[in-house]
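Down below is the structure, laid out as C-alpha cells.
Below, all heavy atoms of this structure are taken into account, side chains as well, without hydrogens, waters or symmetry copies. Lettering of chains follows the sequences in order, A, B, ..., and the numbering in each one begins at 1.
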Amino acid sequence: MNDMLKTSFSKEVYDLFNQPADVVAPKLLGQHLLRRFPDGQVGRFLISEVEAYVGQEDKACHAHRGKTPRNVVMFGPAGFWYVYLIYGMYWMLNLVTSPKDDPHAVLFRGLKFVSWEQTSVDVDRVSSSNAGSVSQKALKNLDGPGKLTRALMINKDLNGQLASPVSGLWLEIDLNKPAPSFEKLPRVGIDYADKWKDKLLRFRLL
DNA sequence: GCAATGATACAG
DNA sequence: TGTATCATTGCT
C-alpha cells in the first residue's frame, strides 16, 4: 500500500477493496456512498444494487481485451473510481478492486437517498433553503446506473480519482454492520459475453 | 419496439 | 480514416 492509499483508507477497508470484485460487491450493499455537490452540500446514499466485473477472463469486463486508454484505471490499485460514458449519454460509476494489474471493478447500479450531512457550517442554510441547489426530486430516482450518476453529477472528471473525500465522492464502510439480505442475479446489458452473461454477478438488496 | 447520442475499439 | 458497437434510458 503506498502512502496516499495509506492515508485514505483504514487497513481493514483497503484489505476489503483489494479482493476480487465478486467478493467486494455484495459487501458494499447496505453501505454508504457520500457525495459533495458543487454547492458544498454532502449527500448520503445507501448502496442498493451493484455488479461485479471480474478481470481479464470475464468477457463482459472492459479489461477483457487488455489495457486501453479507457480502462487503464482498472489495471491500477484498488480504491479508485473508474467512470466511462456509455451510449453517448450516460456515465457509469465503478469502484476499482483487487490488486494492481488484476483489473476488477464494481459497477454501481442503484442507490437510495438517506440524508443530507448536517455540518456546523451549513446547518442554517440547509434548514432554511430546502437543501440548496440540488433537486430533491432528482435524488428520489436512483434506480439505474445512468440515473444515479446524473443525479450525483458524476462524469469523466472523477475517472481515475481516489474514492476518498478529496475527490468529493467516497464510501463510508462500517465493517461491524450486520450483512443485509440480498439476491444474486445475472448482469444487465452483456448478452455478448457468452457463458459470462449468465453468471450471478449482480447483487441487489431484498 | 426503438431512437438518442458520441466515445471507443478495431478493421482496413 | 470509417464504422459497428455499447456495463442505458425513456418514449411510442
Does the salt bridge (charged side-chain N to carboxylate O under 4.0 Å, His left out) test come out yes or no for A:Asp194 and A:Lys59, once each step is laid out? CA-CA 7 Å; A:Asp194 297 340; A:Lys59 197 171 179 190; 2.7 Å; yes
Classify the nucleic acid contact of [X] as base, sugar-phosphate or nothing, counting any heavy atom under 4.0 Å across all strands shown.
X        : value
A:Ile190 : sugar-phosphate
A:Met92  : sugar-phosphate
A:Arg150 : sugar-phosphate
A:Arg187 : nothing

Check whether any side-chain N or O of [X] sits under 4.0 Å from OP1 or OP2 of [N], and answer yes or no.
X        : N     : result
A:Lys156 : B:dA7 : no
A:Tyr84  : C:dC6 : no
A:Arg70  : B:dA9 : yes

Grab the [atom1]-[atom2] distance between [X] and [N] for me, whole Å please.
X        : N      : atom1 : atom2 : result
A:Leu95  : C:dA7  : CG    : P     : 19 Å
A:Leu85  : B:dA9  : CG    : C1'   : 15 Å
A:Asp58  : C:dA7  : CG    : C1'   : 10 Å
A:Leu93  : C:dT8  : CG    : P     : 14 Å
A:Tyr192 : B:dC10 : OH    : P     : 12 Å
A:Phe108 : C:dT8  : CZ    : P     : 16 Å
A:Lys147 : C:dA7  : NZ    : P     : 18 Å
A:Glu49  : C:dA7  : CD    : C1'   : 12 Å

If you check the [X] side chain, which of [options] turns out closest?
X       : options              : answer
A:Arg65 : C:dC6, B:dC10, C:dT8 : B:dC10
A:Met89 : C:dT8, B:dT5, C:dA7  : B:dT5
A:Pro69 : B:dA9, B:dC10, C:dT8 : B:dA9

Flag the pair [X] / [Y] as yes when at least one side-chain heavy-atom distance between them is below 4.5 Å, and no otherwise.
X        : Y        : value
A:Leu142 : A:Lys112 : no
A:Leu111 : A:Leu152 : yes
A:Leu95  : A:Phe17  : yes

Do A:Trp196 and A:Tyr53 have ring centroids that are under 6.0 Å from one another? no
Under a 4.0 Å threshold between the charged nitrogen and the carboxylate oxygen, would A:Arg204 count as salt-bridged to A:Glu183? yes
Cation-pi between A:Arg70 and A:Tyr84: NZ/CZ under 6.0 Å from ring centre and within 45° of the ring axis? yes
Quick check on A:Lys184: does its NZ atom have over 12 non-hydrogen neighbours (other residues, nucleotides or ligands) under 6.0 Å away? no
What interatomic distance, in whole Å, is found between P of B:dT5 and the corresponding atom of C:dG2? 23 Å
Could you say whether the aromatic ring of A:Tyr87 and the base of B:dG6 stack, counting only centre distances under 5.5 Å and plane angles under 30°? no
Given Watson-Crick and G-U pairs under 3.5 Å, DNA chain B in dot-bracket ([ ] crossing, | other strand) is ||||.||||||.
